[in-house]
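Quick notes on the structure that follows.
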Amino acid sequence: MKVRTRFAPSPTGYMHIGNLRTALYEYLIAKSAGGDFLLRIEDTDQKRYVEGATDIIYATLKRVGMDWDEGPDIGGNYGPYIQSERKSIYGEYAHKLVELGGAHYCFCSKEEADGQKDDVQNMKFNDPCKHIPLEEAKKRVAAGEPYVIRQTIYKTGKSKYHDEVYGDIEIDYDELDEGVLLKSDGLPTYNFANVVDDHLMQITHVVRGNEYISSTPKYNLIYEDFGWEHPHYVHVPPVMKDAQHKLSKRNGDASFQDLVAKGYLPEAVINYIALLGWNPGTDQEIFSLDDLKKCFSVERLNKSPAIFDITKLTWMNGCYIRALPAAGFHKLALPYYEKTLTRKVNLEYLSQVLQPRVETLGDIPGQIDFIENVLDYTPELYNNKKMKTDAAVAGNTLAEARKVLENVSDWDNDSLFAALKNAAEQLGVKNGQILYPLRIALSGKETTPGGATEIASVLGREETLRRIDDALAKL
RNA sequence: GGUCCCAUCGUCUAAUGGUUAGGACACCACCCUUUCACGGUGGUAAUAUGGGUUCGAAUCCCGUUGGGAUCACCA
């Protein structure tokens with residue numbers, strides 16, 4: 001049988017990292033087996049619906065290359081793929097489940113149901129409507145009395161099922177809540193919709209957060225009552241912000257789009273989150289989506305929560321940036337240049353210098369701030385123990401450097417460096433004694449991306465000489 | 001509170017009864033070097049705890065502790 005998985009988010013806002021990772025695992029389980037990955041929108045809670053949220057879902061999945069085979073926008077043989085458009089289907093099945101004995105009509109108000117739960121010792125709702133004879137309940141429904149359909153749990157003893165990650169799970173039927181399946185507005189709850197849809201859409205592997213482990217027996221009961229076979233279950237541990245808290249948008253934790261806005265590459269984010277809870281069994285850490293499709297396996301999924309470590313993601317992002325072709329990096333860096341630079345400098349060369357030095361694109365502005373204007377500094381900046389320089393040395397070598405640089409014919413790093421190295425030899429000083437002061441003069445910074453001659457290459461002859469003059473005046 | 005789940009360096013993880021407990025990030029040192037970064041080499045650092053089982057336990061069993069989840073007309 002063809003493997004089919006689904007990503008079934010509810011459109012309630014931004015795409016957070018935990019969600020994206022679940023989608024990734026669903027995608028990989030399908031694709032590593034040559035199966036189908038589908039997208040289903042779970043919008044049965046009209047109160048939580050956020051305008052534009054589905055667009056973010058589409059855009060994110062597309063951006064990372066997780067193409068879906070069936071979904072609201074592209075259709076498929078098992079549609080519609082938006083739950084609010086499937087209302088009549090759920091109604092039909094819910095009433096059928098009542099006939100089958102797996103559910104019953106309940107006329108209690110929300111308040112009545114809640115009121116019963118005050119007892120801390122027994123949180124379980126004991127529904128009086130469960131005992132209303134079906135014929136009588138049907139009459140009340142027909143008479144227009146408001147109702148919900150609740151699951152009826154008649155079994156006793158232990159329920160058992162197998163989870164691909166957690167192994168065999170055993171829960172007493174006594175623990176199971178007879179939850180609402182069809183709300184008074186006629187829409188289903190997740191508890192019902194997911195079962196009906198997963199069956200109707202022929203989903204073979206249900207992948208979801210491990211908070212569903214203990215309610216899965218309820219869903220299995222519904223499958224059984226309908227005479228359906230239940231799917232394989234793959235419950236995955238949460239992605240944490242720290243040891244105690246899940247990563248969540250509500251706490252302002254980074255979403256996928258936040259990370260991209262900060263200059264993380266989508267490919268790096270996907271690579272990183274794939275490894276939060278899964279490992280290939282080898283030392284390989286860099287994986288493209290295609291690589292992952294080839295070697296992913298549910299057996300290597302982890303049981304315990306993983307803390308999202310932005311530091312490691314940052315490192316990995318740096319790997320991706322360095323692996324970019326030069327032109328590719330330049331294209332990504334350009335918008336950042338445009339935001340911070342008005343001076344006309346050698347941007348191609350700047351990119352070349354910057355590429356091995358940035359870990360996220362967001363690092364760029366901080367690296368190139370001196371290009372616009374020399375940063376404020378005092379002559380003490382020229383003091384450098386290792387280079388054996390101070391303001392006096394700088395005054396001399398800068399003047400020499402200026403003379404040499406004036407006569408350099410090809411304004412590129414190699415020529416500039418050769419010329420200054422030669423000058424240092426002539427003067428009988430260390431390279432650093434001429435290059436370090438030059439860096440300060442050109443940038444006003446102790447550390448810069450690239451050496452003094454690289455900065456000079458970026459700035460160009462005119463600006464370089466002008467900055468040296470300014471520095472000499474300052475000394 | 002009942003029930004379920006989880007537990008290896010600070011973090012992500014490997015080791016499915018026999019390893020000097022391995023790798024990666026971070027951190028530190030050294031090398032390379034026109035600073036920084038990249039790259040290279042090396043280092044610090046872990047089996048929560050108490051009992052079993054076994055010739056032998058990170059690994060299997062039980063208890064303890066710690067953490068998480070769940071008990072909605074949310075998903």
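Here is the naming used below: chain letters follow the sequence lines, and residue numbers restart at 1 for every chain. Here the structure is a predicted model, which is why all the values come from computation and not from measurement. All values below were derived from every heavy atom in this structure, side-chain atoms included, with hydrogens, water molecules and symmetry-related copies excluded.
Regarding contacts with the backbone of B/A15, a side-chain N or O of A/R300 is found under 4.0 angstrom from either OP1 or OP2. The shortest distance between the side-chain N/O atoms of A/N210 and the OP1/OP2 oxygens of B/A69 is not below 4.0 Å.
A/N413 and A/T453 form a side-chain donor-acceptor contact under 3.5 Å, judged by distance and modelled atom types alone. A donor-acceptor pair shorter than 3.5 Å cannot be found between the side chains of A/H230 and A/T216.
Distance from the side chain of A/E175 is smallest to B/U3 among B/C25, B/U3, B/U70. The A/K183 side chain lies nearest to B/C73 when the options are B/C12, B/C73, B/U35. Taking the side chain of A/P305 as heavy atoms from C-beta on, and the options B/C6, B/C12, B/U35, the nearest nucleotide is B/C6. Here the side chain of A/D309 is nearest to one of B/G10, B/C73, B/U33, namely B/G10. When distances are taken from the side chain of A/R357 to each of B/C6, B/U13, B/A37, the shortest belongs to B/A37. The nucleotide whose nearest atom lies closest to any side-chain atom of A/P356 is, among B/C38, B/A26, B/C5, B/C38. Across B/U11, B/A7, B/A75, the shortest atom-to-atom separation from the side chain of A/I307 is found for B/U11. For A/Y190, whose side chain is taken as the heavy atoms from C-beta onward, the closest listed nucleotide among B/C12, B/U34, B/A75 is B/A75. The side chain of A/R150 approaches B/C73 more closely than any other nucleotide in the set B/C71, B/C73, B/G68. Side-chain proximity of A/D177 to the nucleotides B/C71, B/U34, B/A75 is greatest for B/C71.
The interatomic distance linking A/L301 (CG) with B/A14 (P) rounds to 11 Å, in whole Å. One can place CH2 of A/W278 at 12 Å from P of B/U13, the figure rounded to the nearest angstrom. Rounding to whole angstrom units, CD of residue A/E164 and P of B/C5 are separated by 17 Å. Between the C1' atom of B/U35 and the OH atom of A/Y377 lies a distance of 15 Å, rounded to the nearest Å. At whole-Å resolution of the value, CG in A/D172 and P in B/C4 are 8 Å apart. A/D127 has its CG atom 11 Å from the P atom of B/C73, to the nearest Å. Regarding A/L442, its CG atom lies at a distance of 17 Å from the P atom of B/U34, rounded to whole Å. As a whole-Å value, the separation of A/D163 CG from B/U70 P is 16 Å.
In a base pair of the Watson-Crick type (N1 to N3 plus N6-O4 or O6-N4) or a G-U wobble (N1-O2 and O6-N3), with each distance short of 3.5 Å, B/C25 is matched with B/G10. The partner of B/G56, taking Watson-Crick or G-U wobble pairs whose two distances both stay under 3.5 Å, does not exist in any strand shown. Base pairing of B/A45: no nucleotide in any strand meets the Watson-Crick or G-U wobble criterion (both distances under 3.5 Å). Nucleotide B/U3 forms a Watson-Crick or G-U wobble pair with B/A69, both donor-acceptor distances falling under 3.5 Å.
Salt bridge A/E406/A/K403: absent, no basic N to carboxylate O contact under 4.0 Å. With salt bridges taken as basic N to acidic carboxylate O contacts below 4.0 Å, one links A/D369 and A/K445.
When heavy atoms are screened at a 4.0 angstrom cut-off, A/S10 is found touching the sugar-phosphate backbone but no base atom. Using a 4.0 Å heavy-atom cutoff across all strands shown, A/Y166 reaches sugar-phosphate atoms only and no base atom. Among the protein residues, A/G277 comes within range of the sugar-phosphate backbone only, with heavy atoms under 4.0 Å from sugar or phosphate atoms but none that close to a base. Across all strands, A/N413 comes closer than 4.0 Å to base atoms (heavy-atom distances). Backbone-only engagement by A/A306 is indicated by non-hydrogen atom pairs under 4.0 Å involving sugar-phosphate atoms exclusively. No contact: A/F308 has no heavy atom under 4.0 Å from any strand. Among the heavy atoms of the strands, none lies under 4.0 Å from A/Y272. Note on A/N194: nothing from the nucleic acid sits closer than 4.0 angstrom, heavy atoms only. Note on A/R322: only backbone sugar-phosphate atoms sit closer than 4.0 angstrom, heavy atoms only; bases stay farther off. Using a 4.0 Å heavy-atom cutoff across all strands shown, A/T453 reaches at least one base atom of the nucleic acid. When heavy atoms are screened at a 4.0 angstrom cut-off, A/S184 is found touching base atoms of the nucleic acid. Residue-level contact check: A/Q367 touches neither bases nor backbone, having no heavy atom under 4.0 Å from any strand. Base contact: A/C108 has a heavy atom under 4.0 Å from a base atom. At a threshold of 4.0 angstrom between heavy atoms, the contacts of A/M240 with the nucleic acid are absent.
A/K312 contributes a side-chain N or O that forms a donor-acceptor pair with the base of B/A24 under 3.5 Å. One can find a donor-acceptor pair under 3.5 Å joining the base of B/A75 and the side-chain atoms of A/Y212. Side-chain to base pairing of A/R439 with B/U34: no donor and acceptor N or O lie closer than 3.5 Å to each other.
Spacing of P atoms, B/G22 relative to B/U34, comes out at 37 Å, to the nearest Å.
Within residues 43-50 of chain A, the residues approaching RNA chain B are A/T44, A/D45, A/K47, A/R48, by heavy-atom distance under 4.0 Å.
The residue among A/N302 and A/N431 whose nearest nucleotide of RNA chain B is located toward the 5' end is A/N302. Ranked by how close their nearest RNA chain B nucleotide is to the 5' end, A/G281 and A/L435 are led by A/G281.
Aromatic rings from A/Y14 and A/F256 are positioned such that their centres are separated by 6.0 Å or more. A/Y154 has its ring centre no less than 6.0 Å from the ring centre of A/Y173. Two rings, from A/W68 and A/Y58, have their centers less than 6.0 Å apart. For A/Y219 and A/Y161, the gap between ring centers reaches or exceeds 6.0 Å. Between A/Y382 and A/Y377, the ring center distance clears the sub-6.0 Å criterion.
Seen from the ring of A/Y147, A/R140 does not count as a face-on cation partner, given the 6.0 Å and 45° thresholds. With a 6.0 Å cutoff to the six-membered ring centre and a 45° limit on the axis angle, A/K430 does not count as a cation-pi contact of A/Y436.
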